[in-house]
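Just so you know, these numbers come straight off a predicted model, no measurement behind them.
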Amino acid sequence: MLKSHGIVALPIHDAVLVPASAAAKAMAVMLEVFKKRTGQEGVVDLITKEQLETADDTSDEAEVHAEPLQLVA
């Protein structure tokens with residue numbers, strides 16, 4: 001779906017890595033597809049490069065918490 005919008009995305013388990021300029025569109029597409037497939041509203045968390053860089057490097061699996069964003073159409 002993101003390809004049809006001209007966005008190059010790297011899927012990572014249950015996430016995608018996209019350029020910051022494409023974040024809003026990627027979130028909108030993910031929510032749209034989730035709703036179509038499940039009939040339920042979804043939640044997409046945005047994690048920025050800065051948040052990843054400041055995550056705790058001492059643990060094997062860094063936890064990053066972001067405020068969920070809600071898109072209004």
Side-chain angles (χ1 to χ4, degrees):
M1 283 295 228
L2 291 173
K3 183 178 179 182
S4 66
H5 292 279
I7 299 171
V8 176
L10 173 63
I12 306 168
H13 186 54
D14 60 352
V16 292
L17 177 65
V18 297
S21 61
K25 186 62 167 180
M27 290 172 61
V29 169
M30 291 174 74
L31 290 169
E32 176 186 338
V33 171
F34 187 86
K35 174 80 175 196
K36 282 183 182 177
R37 302 275 170 111
T38 67
Q40 302 292 317
E41 295 295 330
V43 175
V44 176
D45 292 330
L46 173 65
I47 301 173
T48 65
K49 179 181 176 182
E50 290 77 23
Q51 287 172 307
L52 288 174
E53 289 173 348
T54 59
D56 183 8
D57 294 317
T58 60
S59 68
D60 291 338
E61 191 173 311
E63 289 185 27
V64 178
H65 301 281
E67 289 293 319
L69 297 179
Q70 185 173 18
L71 299 178
V72 178

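Taking OG1 of T48 as the reference point, atom CD of E53 lies at 8.5 Å (rounded to 0.5 Å). Note that CE of M27 is 13.0 Å distant from NZ of K25, once rounded to the nearest 0.5 Å.
Minimum interatomic distance between A23 and L46 (heavy atoms only, all atoms of both residues): CB-CD1, 4.1 Å. Scanning all heavy atoms of the two residues, the minimum distance from I7 to A26 falls at CD1-N, 4.4 Å. For the pair L31 and V43, the tightest heavy-atom approach, listed with the atom from each and the gap, is CD2-N, 3.9 Å.
Hydrophobic cluster membership differs between F34 and I47, with clusters built from Ile, Leu, Val, Met, Phe, Trp and Tyr side chains linked at under 4.5 angstrom.
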